[in-house]
Colleague: 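The structure follows.
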Amino acid sequence: MALTGTFYIAAQEFRDYLTGLDLTGITDAQLEDYIRQASRLADGYINGTFDVVTLTERHMWSDTRRVYPDNLPVNAVRTFTIHIGSGQRADIELSHLFVNNHAGYVEVVSLATATPLTAELISLGLIEVVAEIVYKTGYGAFAATAITLSANLDAAATVFDVSATAALAANDVIQLDSESMWITAIVDANTITVVRGVQTNGSPVAHSAGSVVSRFARALSEDVKLAVAIITAAIIGARKMNEEGVTGVRSFIIGSYSVTYGTGVANAGGSGFPFIPNEAAAILDSYRHLVLR
């Protein structure tokens with residue numbers, strides 16, 4: 001059965017990276033399964049994901065007014081809701097949020113819209129507050145599309161027309177000028193419904209007809225692709241050694257990296273990551289983050 005999920009490099013990209021490892025008999029479909037496994041191992045190593053995904057999480061919330069999402073970076077926030085208990089809730093306006101990806105938290109900077117929630121009740125421990133956040137995470141970038149805004153748009157409108165919607169989908173994050181918006185529904189071939197001002201630390205603004213719509217999508221740097229290629233080759237090499245009953249140290253070349261693997265290789269990625277060679281770990285270390293509370 002084929003593995004599910006996206007892969008971070010294509011089969012041909014991997015073949016272009018690699019020398020020194022025999023891939024005879026491995027089809028592109030089989031190779032994609034290995035790359036998917038390597039991609040998930042890379043995600044696990046950084047305690048997050050390189051893919052662009054939407055997550056919904058609930059966290060305990062205190063008088064610090066901060067929550068610490070499980071995954072970084074936080075690229076956009078759709079909703080931030082404080083559940084106070086007994087069915088009470090407070091929806092925080094997105095303009096009242098501050099996202100600090102470096103320190104790993106989202107902070108409510110104003111409680112003006114959060115009545116009857118008070119910091120005093122929280123600090124006294126009289127209520128237990130849970131914050132629910134819906135956000136977009138992963139490593140991506142905005143890419144311009146052929147879609148444009150059909151008419152002038154003020155800072156308050158959440159339903160508007162564009163030149164086409166075929167390349168868009170619900171839960172996409174788009175950008176007009178410097179403002180990011182979260183698509184909640186595709187109404188028809190020319191109309192979308194959005195949440196405004198979902199970019200980190202930003203607010204809605206007006207836009208002119210003809211403004212180009214950009215779409216947020218995964219955009220991996222070459223070093224991440226290289227790390228996934230190294231992990232993929234190590235998985236294939238280890239499997240070949242096992243099938244052939246061969247022991248000892250082997251090596252292969254990925255790009256400019258000479259990688260050794262097999263028995264005798266010390267500290268090959270650390271406990272729990274047997275197929276992450278040190279060379280790949282060194283690349284991925286700059287993307288790792290610890291979940292702090």
Side-chain angles (χ1 to χ4, degrees), residues 42-142 155 158 171-175 178-184 194-205 216 218-219 284-293:
D43 282 351
Y45 188 80
I46 68 166
N47 299 316
T49 181
F50 286 105
D51 211 358
V52 173
V53 296
T54 301
L55 298 177
T56 300
E57 296 172 358
R58 288 193 170 195
H59 299 271
M60 297 305 298
W61 194 73
S62 69
D63 56 354
T64 65
R65 300 182 182 182
R66 294 175 180 177
V67 299
Y68 290 81
D70 291 337
N71 289 265
L72 294 177
V74 175
N75 298 304
V77 178
R78 175 177 173 175
T79 59
F80 191 106
T81 305
I82 300 173
H83 297 271
I84 307 167
S86 302
Q88 297 183 78
R89 56 181 285 169
D91 295 312
I92 304 299
E93 292 184 11
L94 299 183
S95 60
H96 292 178
L97 299 179
F98 174 76
V99 179
N100 188 327
N101 277 311
H102 177 72
Y105 63 80
V106 178
E107 181 176 1
V108 178
V109 296
S110 172
L111 287 173
T113 60
T115 56
L117 181 68
T118 67
E120 289 78 11
L121 285 175
I122 296 171
S123 63
L124 290 172
L126 299 180
I127 56 176
E128 186 174 71
V129 180
V130 174
E132 181 177 277
I133 182 172
V134 178
Y135 67 103
K136 190 80 72 174
T137 188
Y139 289 81
F142 284 100
T158 57
N171 282 325
D172 277 351
V173 172
I174 60 173
Q175 190 175 74
S178 60
E179 181 191 351
S180 297
M181 308 176 188
W182 193 303
I183 298 178
T184 56
V194 302
V195 175
R196 300 288 299 272
V198 300
Q199 73 269 37
T200 59
N201 315 327
S203 300
V205 295
F216 192 76
R218 188 179 73 202
L284 296 175
D285 278 343
S286 63
Y287 296 92
R288 298 187 80 180
H289 76 273
L290 299 176
V291 178
L292 303 176
R293 295 292 182 268

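In what follows, residues are counted from 1 in the order of the sequence shown.
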Colleague: For the atom pair CG (L55) and OG1 (T137), what is the distance rounded to the nearest 0.5 Å?
Modeller: 6.5 Å
Colleague: Run the side chain to side chain contact (heavy atoms under 4.5 Å, CB included) check on N171 and K136 step by step: do they pass?
Modeller: CA-CA 9 Å; N171 282 325; K136 190 80 72 174; 4.2 Å; yes
Colleague: Between W61 and V67, what is the shortest heavy-atom contact and its length?
Modeller: CD1-CG1, 3.3 Å
Colleague: Hey, are the side chains of V77 and V134 touching, using non-hydrogen atoms and a 4.5 Å cut-off?
Modeller: no
Colleague: Between R196 (side chain) and V205 (backbone), is there a donor-acceptor pair under 3.5 Å?
Modeller: yes
Colleague: Please determine whether side chain to side chain contact (heavy atoms under 4.5 Å, CB included) holds for the pair L94 and W182, giving the CA-CA distance in whole Å, both sets of side-chain angles, and the decisive distance to 0.1 Å.
Modeller: CA-CA 12 Å; L94 299 183; W182 193 303; over 6 Å; no
Colleague: Would D91 and R89 count as a side chain to side chain contact (heavy atoms under 4.5 Å, CB included) here? Give the steps.
Modeller: CA-CA 7 Å; D91 295 312; R89 56 181 285 169; 2.9 Å; yes
Colleague: Once rounded to the nearest 0.5 Å, what's the spacing between atom CG of L72 and atom CG of N47?
Modeller: 10.0 Å
Colleague: Measure the shortest side-chain to side-chain distance between V106 and I133 over non-hydrogen atoms and say whether it is less than 4.5 angstrom.
Modeller: yes
Colleague: Do you know which of V53, V52, T49 makes side-chain contact (heavy atoms from CB on, under 4.5 Å) with R218?
Modeller: V52
Colleague: Would you call the rings of Y139 and F50 parallel, tilted or perpendicular, where under 30° means parallel and over 60° means perpendicular?
Modeller: tilted
Colleague: Within the 4.5 Å heavy-atom criterion, are P69 and Y135 side-chain neighbours or not?
Modeller: yes
Colleague: Which atom pair, heavy atoms only, marks the closest approach of E57 to D70?
Modeller: OE1-N, 3.0 Å
Colleague: Pairing donors with acceptors under 3.5 angstrom, does anything connect the side chains of Y45 and D285?
Modeller: yes
Colleague: With a 4.5 Å heavy-atom cut-off, do V109 and R65 have their side chains touching?
Modeller: no
Colleague: So V194 and I183, side chain to side chain contact (heavy atoms under 4.5 Å, CB included) or not? Walk me through it.
Modeller: CA-CA 4 Å; V194 302; I183 298 178; 4.2 Å; yes
Colleague: My understanding is that only residues two or more places apart in sequence, or in another chain, count here; which of them pass ring-ring contact (aromatic ring centres under 6.0 Å, His included) with Y105?
Modeller: Y68
Colleague: Which pair of heavy atoms, one from G138 and one from P73, lies closest together, and at what distance?
Modeller: O-CG, 3.5 Å
Colleague: Could you pull out the closest heavy-atom pair between Q175 and S180, with the gap in Å?
Modeller: NE2-OG, 3.7 Å
Colleague: In Å, rounded to the nearest 0.5 Å, how long is the span from OG1 of T79 to CD of E93?
Modeller: 13.5 Å
Colleague: How close do I46 and L284 get, counting heavy atoms only, and between which atoms?
Modeller: CG2-O, 3.9 Å
Colleague: Could you tell me which residues satisfy ring-ring contact (aromatic ring centres under 6.0 Å, His included) with F80, sequence neighbours excluded, listed by chain and number?
Modeller: none
Colleague: According to the salt bridge (charged side-chain N to carboxylate O under 4.0 Å, His left out) rule, which pairs have a member within residues 99-111, sequence neighbours left out?
Modeller: R66-E107
